[in-house]
Structures are given as C-alpha cells and as structure tokens.
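Worksheet: one structure, shown below.
No hydrogens, no waters, no symmetry mates; every other heavy atom, side chains included, goes into these values. Everything numeric in this text was worked out from a predicted model, so none of it was measured.
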Amino acid sequence: MTDIHALLKNAGFAEGFVLPIVPYTNWTRHRNDGVFHPNTAPLADDPREAYPWANALLICVMPYRPYDDETLVASYYPASNRAYHAMKRLLGLLEAEGIRAERAETPYREQLASYGIGSRMDNQLLYLEPYGTYINLQGAVVRLPEPVAYEPKREPREICDHCGLCGEVCFGAIKGNYAFDWTRCVHTYMEGDPMPEEAMEWLPSLLGCMRCQAVCPKNPQNRVPIPDEIKKTLELSAILKGNRREAGELIGKNLASPNRILRQAIVLAANRNRTDVLPLLEKIRETYGDRFEKELEYAKKHLQNP
C-alpha cells in the first residue's frame, strides 16, 4: 500500500493530514454572511460536488521561520513558493503510484481546525504545534483505494489567550475574540489594484503585513538570517529596475507580476525615504504611463516634499 506520508515528505513537506471529504457548511455560512474576502467566492461549497471522483483530502504543511529582518519581504512568501512547487512534485509522485490526485483550493485552516488539528487565533491564522502560525498549507483531493475516516492524533485545545497584541499592530482588521474585518486587512489591497493612501502609509514590506505573527507570544521566537539572494533580488532598486523574473523564482510568478510587486515597491520607496530611486520612478512613469499613477504621485509627494 502506498505510504502517502512518506511521499509528501519526499516532496519536501514536513507533514500532512489525510481527511475525509465533507462539506464545510459552517465556513460557507460565514462566507455568505460577508465574513471572508470576496476572493473566496470560487471555492466550492461541497468538495464532493466539485470532485465527485475523490474520496480523501490531503493537506500538507510547509513550515518556515521568520527572517531576522522582514522589512523587505516576509519569509512566508518564499516558503509559499517552495510549498507550491513541493505540491507539484507530490502530485507527480502520486501519479507514479497510480493514485489520481488534483490540487484543490479549499479552506485548509477551517478544515484542520474542525478536526482539532491546530487552533484558530484572533488573527485568523491557524496555530499548529510545533510551528506556531509559521506554516504554509497546500491541499489536494485524491482517490485512494479505500475511503478514509480520520482519527484525531492531537487533542484540540484553545491556544489563543486573546491578549490583544496582534490587534494593536494591525491595520484595523483584528477585533479580538476571533472577530475579524477583512476590509481592514492590508492584504486586501495586495491583489494588484491601486491602494488607498491609508494602506500605502501602512505598508511595511513587500506583499503585505505579517506583524500579527511577529508579536504573538505563542509563536516560536527563533529567527533565521535573511538569505543574501533574497536581499539582492528583492532590494527595492532592483525591483524598480525590472528584475521581476528573478523575483518570481523566489516568491512565485503571480506575486512578482508588475501590478503587485512594482506597485508596492514604489510605495515602499516613498515610505523609506529612498530619494535615490527618483530617477527609476520617473523611468517607470515613462514606461507605463498612468498605470501606476496613484502610487507614483504618493511617492513624489513624500520624496520631493519630505
């Protein structure tokens, strides 16, 4: 019999969970009430309808540690890219074993929490021992020889103390006691569209904000040095010059698209008083016209009139 857990570790994941495919009615009800970001709309209400051939859900865990300097980019994003490619390898390994498998976008955190695997936190992230909330989750639906019935290996327990620290450093989304307003999460403005000025002023690093994880006293506190490759490739002037192919290799091509990463690099240049990149910003204006007008005007206001 195929050892699924050995395969996922061979692909690069730390661990994984094989769960039955069931409808996630509570999550769907919350989505319909407007609790979650509109990007969740395409997710199927019942995976059994979207994947009638599958009989199990496989959720894999890629842990990471924060960089000792996350002011450029949070370590989550290179880890997310590694996890994406690890899932591609895993799908190939499963296919070689004669197991049908397909990448599936489902509410992984909700599904794991519903089985007592990890705990919800006020910042809406999932705490999973021993990694804390420093995890990236990837999922696939599979057709196994026999249906699965998950027997919990971990006892569900309350982790979040509702200390309020994550809410204090948040843009305004975290309300405490699991209440959350996605319209006030800075990640809402990371999809590539122009950002409101208040979000620009808040933007602390490329691709968004991970402050709520950094201040959480439940999270592991050890950090790792930021790799030189990350610093070189994602340095603001390098991005403004157009090295998005190299950036895509580190954080994923979708995240390195001009609408996302270039828009944010312009804003961060202003927030960090990088007057040295003013010629690069002018070059962007000449190249893209009014595509990044809102961000360029924000940068001009801050850099030419400090």
Side-chain angles (χ1 to χ4, degrees), residues 12-15 61-86 109 118 121-138 159-161 163-171 173-174 185-187 189-190 199-241 243-244 246-252 255-256 260-274 276-277:
F13 291 105
E15 62 178 315
V61 181
M62 177 72 73
Y64 62 93
R65 283 289 172 263
Y67 295 141
D68 55 4
D69 179 4
E70 296 217 323
T71 61
L72 184 60
V73 67
S75 55
Y76 168 85
Y77 294 100
S80 175
N81 194 39
R82 292 194 300 270
Y84 172 82
H85 289 288
R109 294 196 296 264
M121 306 295 281
D122 270 348
N123 59 10
Q124 302 299 293
L125 299 178
L126 184 80
Y127 181 98
L128 182 65
E129 291 183 340
Y131 321 112
T133 62
Y134 294 118
I135 54 175
N136 183 272
L137 302 175
Q138 294 282 316
I159 294 293
C160 187
D161 290 334
C163 66
L165 290 177
C166 60
E168 291 178 9
V169 298
C170 181
F171 184 51
I174 301 170
C185 178
V186 75
H187 279 283
Y189 307 104
M190 298 296 105
M200 294 188 204
E201 293 171 346
W202 184 264
L203 189 68
S205 60
L206 287 173
L207 302 172
C209 173
M210 290 291 179
R211 289 169 170 169
C212 63
Q213 289 194 101
V215 301
C216 180
K218 299 293 185 179
N219 270 335
Q221 299 303 307
N222 57 312
R223 294 173 174 263
V224 297
I226 183 169
D228 289 339
E229 183 184 20
I230 297 286
K231 289 192 288 187
K232 178 181 178 181
T233 303
L234 297 182
E235 204 281 324
L236 292 181
S237 61
I239 294 174
L240 295 173
K241 289 177 182 177
N243 73 330
R244 289 178 293 281
E246 295 87 346
E249 293 175 356
L250 290 174
I251 60 176
L255 293 178
R260 287 186 187 231
I261 197 166
L262 185 51
R263 195 181 298 282
Q264 295 169 45
I266 295 169
V267 171
L268 283 177
N271 289 349
R272 296 175 185 178
N273 198 32
R274 289 288 300 272
D276 60 299
V277 302

- Item | Between CG on residue L206 and CG on residue L268, distance to nearest 0.5 Å | 5.0 Å
- Residue set satisfying salt bridge (charged side-chain N to carboxylate O under 4.0 Å, His left out) with R260, at least two apart, ordered chain then number -> E191
- Could you tell me the separation between the CD1 atom of I239 and the CD atom of Q264, rounded to the nearest 0.5 Å? 9.0 Å
- Side chain proximity check, I251 to S80, heavy atoms < 4.5 angstrom: no
- Which class fits the ring pair W202 and F171: parallel under 30°, tilted 30 to 60°, perpendicular over 60°? tilted
- Please report the shortest heavy-atom distance between L126 and G118, naming the atom on each side. CD1-C, 3.9 Å
- Closest approach of A14 and P63, non-hydrogen atoms and distance? CB-CD, 3.5 Å
- Item | Full working for side-chain hydrogen bond (donor to acceptor under 3.5 Å, both in side chains) between N136 and Q138 | CA-CA 7 Å; N136 183 272; Q138 294 282 316; 3.3 Å; yes
- Query: Roughly how far, to the nearest 0.5 Å, is CE of M121 from SG of C166?
  - Reply: 7.5 Å
- Query: Side-chain contact, heavy-atom cut-off 4.5 Å: R223 with Y67?
  - Reply: no
- Note on the structure: Residues at least two apart in sequence or cross-chain that pass side chain to side chain donor-acceptor pair (under 3.5 Å) with N271, listed by chain then number, are Y298
- Verify the distance criterion only: is there a donor paired with an acceptor across the side chains of T233 and E246 at less than 3.5 Å? no
- Distance in Å, C163 SG paired with E168 CD, rounded so as to fall on 0.5 Å steps: 8.0 Å
- Note on the structure: Heavy-atom closest pair (A269 atom, L240 atom, distance to 0.1 Å) is CB-CD1, 4.5 Å
- Minimum heavy-atom distance between L234 and A247, given as atom pair plus value: CD2-CB, 3.7 Å
- Query: With a cut-off of 6.0 Å (strictly less than), are more than 12 heavy atoms of other residues, nucleotides or ligands near CD of E249?
  - Reply: yes
- Taking side chain as C-beta onward, heavy atoms only, is I230 less than 4.5 Å from V73? yes
- Is any side-chain heavy atom of C216 closer than 4.5 Å to a side-chain heavy atom of Y127? no
- Item | Test: K241 and E235 ion pair at under 4.0 Å | no
- Message: If you define the side chain from C-beta out and look only at heavy atoms, does anything of R65 sit under 4.5 Å from S75?
- Response: no
- Query: Out of curiosity, Y131 OH to E129 CD, how far, rounded to the nearest 0.5 Å?
  - Reply: 10.5 Å
- Query: Between the side chains of E70 and S205, is a donor N or O closer than 3.5 angstrom to an acceptor N or O?
  - Reply: no
- Message: For H187 and Y77, take the angle between the two ring planes, folded into 0 to 90°, and tell me which bin it lands in: parallel under 30, tilted 30 to 60, perpendicular over 60.
- Response: tilted
- Task: In plain terms, say whether D161 and K218 are close enough for a salt bridge, that is, a side-chain N and a carboxylate O under 4.0 Å apart.
- Result: yes
- Query: Hey, does L203 have a side-chain heavy atom less than 4.5 Å from the side chain of C209?
  - Reply: no
- Closest non-hydrogen atom pair, I174 against C170: N-SG, 3.5 Å
- Message: For a quick test of reading the model, state the closest non-hydrogen atom pair linking L255 to L207 and the distance between them.
- Response: O-CD2, 3.9 Å
- Output, in order, the C-alpha distance, side-chain angles, deciding distance and verdict of side chain to side chain contact (heavy atoms under 4.5 Å, CB included) for M62 and I135. CA-CA 6 Å; M62 177 72 73; I135 54 175; over 6 Å; no
- Message: Using 0.5 Å steps for rounding, measure from the CG atom of L128 to the CG atom of L137.
- Response: 7.5 Å
- Donor-acceptor contact present, side-chain D69 to main-chain P225, <3.5 Å: no
